[in-house]
Amino acid sequence: MSNIRVRFAPSPTGPLHIGGVRTALFNYLFAKKNNGTFVLRIEDTDQNRYVSNAEQYIKDALEWCGISPDETVGKNEKFGPYRQSERKEIYKKYAKELIDSGNAYYAFDTAEDLDRERKGHEEQGKTFIYNWHNREKGRLVNSLVLSADEVKNRIDNGDKYVVRFKMYKPEEGSHGTIITTDLIRGHVSFKREILDDKILFKSDGMPTYHLANVVDDHLMEISHVIRGEEWLPSVPLHIALYQALGWNAPEFAHLPLILKPTGKGKLSKRDGDKLGFPVFPLAYSNEATDDVSRGFKEDGYFPETVINFLAFLGWNPGTEQELFSLDELISSFDLSRVNKAGARFDFDKTKWYNQQYLQQKSDEELAELFVLENIPFDFTQGTTKEYITKVVSLIKERATFVADFWELSSFFFVAPTEYDTKASKKQWKEATPQIMQDLISVLKPITDFNSQNIETIVKEWLTESKLGFGKVMPPFRLALVGAMSGPHLFDIAEMIGKEETIKRIKNAIETL
């Protein structure tokens with residue numbers, strides 16, 4: 001393919017849902033696979049829902065995911081501006097061109113006029129559609145029934161109006177069906193005569209999504225439009241606009257929906273709130289309501305995790321491989337392997353991905369992340385980086401998130417002050433205090449206090465004393481950890497040292 005240009009065009013009306021991130025990802029992968037350009041365009045024509053911090057959030061989210069755009073606001077603005085609110089005069093020009101060519105018209109209908117028509121149709125058991133059936137019947141107020149002078153006077157007087165597109169012209173019956181090939185869904189067709197005359201432009205100087213979208217995609221030389229399935233019904237209007245303006249349409253690909261964990265219905269923020277998982281890449285604070293939405297980053301997920309599981313929501317590589325780096329995704333990605341059917345969001349699978357990526361990271365990197373975690377311990381007080389790294393190496397296999405590290409390893413840093421009640425009742429018998437006292441006597445003479453040496457000496461003592469493992473090891477672990485958990489017991493003893501090991505055994509004897 002030559003000169004591949006794709007775009008991600010979100011509206012800055014709130015946080016970027018992972019469905020939007022998935023759309024951005026697929027555009028990014030397609031562009032990079034084909035040596036193309038990935039464009040981020042801000043579609044802020046809906047000023048009523050505009051949120052001031054949403055645009056920066058979108059940029060931050062894409063950057064965190066590792067899929068930053070090649071062109072956007074303030075970056076390689078070859079086809080700028082990249083905010084639609086700064087392109088109003090461009091849209092006005094093309095709206096006028098469509099009117100002059102007979103493909104669009106001014107409509108001055110008030111909200112009351114349209115409500116009257118809807119109610120009248122409902123009383124007859126019909127649905128009101130503003131299109132070729134009624135636009136010139138006299139009941140609707142537009143430039144198709146008004147004289148040119150009346151239209152000019154209304155506009156000069158400041159009457160509110162919209163520009164509507166002539167979706168179907170009866171005199172062009174042979175052009176009544178729009179046929180195209182979607183790169184994911186194959187052959188699709190739409191009958192123009194059953195569609196409404198969509199609004200393209202409003203008297204406040206702002207275009208609707210449809211006009212702005214088509215004009216921008218053409219002027220920015222977008223070759224492929226890869227977007228969500230919800231935009232599929234807009235295809236006939238967009239293709240008709242390209243035709244009316246005398247432009248070649250880009251190729252279209254409509255991605256499947258991301259479904260709720262049940263597989264029924266589109267995934268929403270409400271689902272995440274109800275089931276306890278994020279649906280946004282980063283946490284988001286709503287300036288208007290002070291409502292804070294959870295983010296994958298703040299919940300402890302790695303960006304690689306988010307990218308990997310999103311790639312598999314609707315796409316598969318055709319192999320058994322599940323873990324992909326971004327470069328591997330780029331190399332493997334193909335729109336022909338994107339499914340038509342909706343993709344079910346599996347939250348447990350996202351945790352599995354995070355666990356896999358955690359295990360792949362070096363102990364040194366995880367140790368640094370551990371120190372940065374907001375945990376109830378000051379690592380700056382007498383604990384070396386090497387010690388923390390060794391601790392991480394012993395407990396990371398049991399972790400899904402770095403945030404799990406403290407619970408899995410606190411006993412490496414602070415002695416237990418409480419002991420698991422159930423384990424204590426089961427493991428701490430009447431004879432246990434004396435056995436633990438004898439264990440102290442075995443540990444004290446050991447000069448080379450390393451895991452293997454400790455284990456060898458303790459096992460020799462057990463054999464000579466004819467003590468079963470069950471009488472010594474569980475209470476020994478309980479004394480060091482406070483519970484029946486943790487890595488290899490003798491590794492723990494080596495890490496905390498002989499003095500601390502003996503101290504903890506004594507404390508357990510006194511407490512239990």
Side-chain angles (χ1 to χ4, degrees), residues 45-46 48 91-180 188-215 230-247 249:
T45 56
D46 189 346
N48 292 326
Y91 308 130
K92 189 174 182 179
K93 168 191 170 184
Y94 288 105
K96 183 68 166 58
E97 185 176 313
L98 288 166
I99 291 171
D100 292 343
S101 65
N103 287 294
Y105 57 94
Y106 294 105
F108 299 94
D109 313 280
T110 65
E112 292 75 17
D113 292 336
L114 297 175
D115 190 51
R116 182 195 66 233
E117 290 298 315
R118 289 191 192 93
K119 289 180 179 177
H121 278 69
E122 287 172 3
E123 289 171 0
Q124 301 176 49
K126 300 177 180 178
T127 300
F128 171 64
I129 301 177
Y130 201 129
N131 65 5
W132 66 280
H133 283 104
N134 48 34
R135 64 191 178 209
E136 297 182 59
K137 300 294 186 189
R139 292 177 60 83
L140 298 171
V141 187
N142 55 57
S143 58
L144 300 177
V145 296
L146 299 174
S147 68
D149 287 341
E150 287 177 303
V151 171
K152 184 177 184 302
N153 288 336
R154 281 176 177 267
I155 294 175
D156 291 344
N157 290 335
D159 288 9
K160 289 187 176 181
Y161 68 86
V162 298
V163 174
R164 288 183 179 271
F165 182 67
K166 278 187 182 178
M167 191 63 207
Y168 177 63
K169 303 173 187 177
E171 66 274 17
E172 298 180 5
S174 60
H175 302 290
T177 300
I178 288 178
I179 301 171
T180 189
V188 289
S189 63
F190 308 87
K191 291 186 177 181
R192 294 175 71 141
E193 64 264 33
I194 64 174
L195 302 174
D196 60 335
D197 288 358
K198 292 289 186 186
I199 296 172
L200 303 180
F201 200 82
K202 296 166 284 186
S203 54
D204 64 0
M206 294 300 285
T208 61
Y209 165 83
H210 303 292
L211 179 63
N213 176 277
V214 167
V215 169
E230 63 270 25
W231 293 111
L232 189 59
S234 300
V235 167
L237 171 60
H238 294 175
I239 290 178
L241 279 168
Y242 280 107
Q243 292 172 345
L245 290 164
W247 299 335

S.K.: Where the side chain of Asp196 meets the backbone of Lys198, is there a donor-acceptor pair that is under 3.5 Å apart?
M.R.: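 No; zero donor-acceptor contacts below 3.5 Å.
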S.K.: Side-chain contact, heavy-atom cut-off 4.5 Å: Leu200 with Tyr94?
M.R.: no
S.K.: Under a 3.5 Å distance rule, please check whether Asn142 uses its side chain to pair with a backbone N or O of Glu136 as donor and acceptor.
M.R.: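 Checked: no pair found.
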S.K.: Specify the closest pair of heavy atoms between Ile99 and Tyr105, including all atoms of both residues, with the distance to one decimal.
M.R.: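 Scanning both residues completely, I find the closest heavy atoms to be CG1-N, 4.2 Å.
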S.K.: How many angstroms lie between atom CZ of Arg164 and atom OH of Tyr130, to the nearest 0.5 angstrom?
M.R.: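 OH of Tyr130 is found 5.5 Å from CZ of Arg164.
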S.K.: Do the side chains of Arg135 and Asp197 get close enough for a salt bridge, i.e. N-O under 4.0 angstrom?
M.R.: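 Salt bridge present between Arg135 and Asp197.
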S.K.: Take a 6.0 Å sphere around NZ of Lys202 and say whether it holds more than 12 heavy atoms from other residues, nucleotides or ligands.
M.R.: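 Correct, the count exceeds 12.
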S.K.: Considering non-hydrogen atoms only, spot the tightest contact between Tyr106 and Val151 and give its length.
M.R.: CD1-CG1, 3.8 Å
S.K.: Whether the side chain of Arg192 engages the backbone of Met167 through a donor-acceptor N/O pair (distance < 3.5 Å, no angle test) should be reported.
M.R.: yes
S.K.: Is it true that a side-chain atom of Asn157 and a backbone atom of Asn153 form a donor plus acceptor pair closer than 3.5 Å?
M.R.: yes
S.K.: Compute whether any side-chain donor of one residue and acceptor of the other, for Lys169 and Asn103, lie under 3.5 angstrom apart.
M.R.: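 A donor-acceptor contact under 3.5 Å links the two side chains.
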S.K.: Hey, are Asp156 and Arg154 close enough for a salt bridge, meaning a charged N less than 4.0 Å from a carboxylate O?
M.R.: no
S.K.: Does the pair Val188 and Ile178 meet the rule for a side-chain contact (heavy atoms from CB on, under 4.5 Å), with working shown?
M.R.: CA-CA 8 Å; Val188 289; Ile178 288 178; over 6 Å; no
S.K.: Show your working on side-chain hydrogen bond (donor to acceptor under 3.5 Å, both in side chains) between Asp109 and Tyr161 and close with a plain yes or no.
M.R.: CA-CA 7 Å; Asp109 313 280; Tyr161 68 86; over 6 Å; no
S.K.: Which of parallel (below 30°), tilted (30 to 60°) and perpendicular (above 60°) describes Tyr209 and His238?
M.R.: tilted
S.K.: Could you tell me whether Lys152 and Asp149 have a side-chain N and a carboxylate O separated by less than 4.0 Å?
M.R.: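 Answer for the salt bridge query: no.
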S.K.: Strictly distance-based, threshold 3.5 Å: is any side-chain N or O of Glu117 a donor or acceptor partner for the main-chain N or O of Leu114?
M.R.: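 Looks like no, no N/O pair under 3.5 Å.
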S.K.: Locate the shortest heavy-atom distance separating Phe108 from Lys160; write the atom from each residue and the value.
M.R.: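 So the minimum-distance heavy-atom pair works out to CD2-O, 3.8 Å.
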S.K.: Keeping Thr208 on the side-chain end and Ile199 on the backbone end, is there a donor-acceptor pair under 3.5 Å?
M.R.: yes
S.K.: If only atom types and distance count, is the side chain of Trp132 paired as donor or acceptor with the main-chain N or O of Glu193 below 3.5 Å?
M.R.: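 Side chain of Trp132 to backbone of Glu193, a donor-acceptor pair under 3.5 Å: yes, one is there.
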S.K.: Which atoms form the tightest heavy-atom contact between Tyr91 and Ala212, and what is the distance?
M.R.: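 Minimum heavy-atom separation between Tyr91 and Ala212: CE2-CA, 3.6 Å.
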S.K.: Apply side-chain contact (heavy atoms from CB on, under 4.5 Å) to Asp113 and Leu140, showing your working.
M.R.: CA-CA 8 Å; Asp113 292 336; Leu140 298 171; 5.9 Å; no
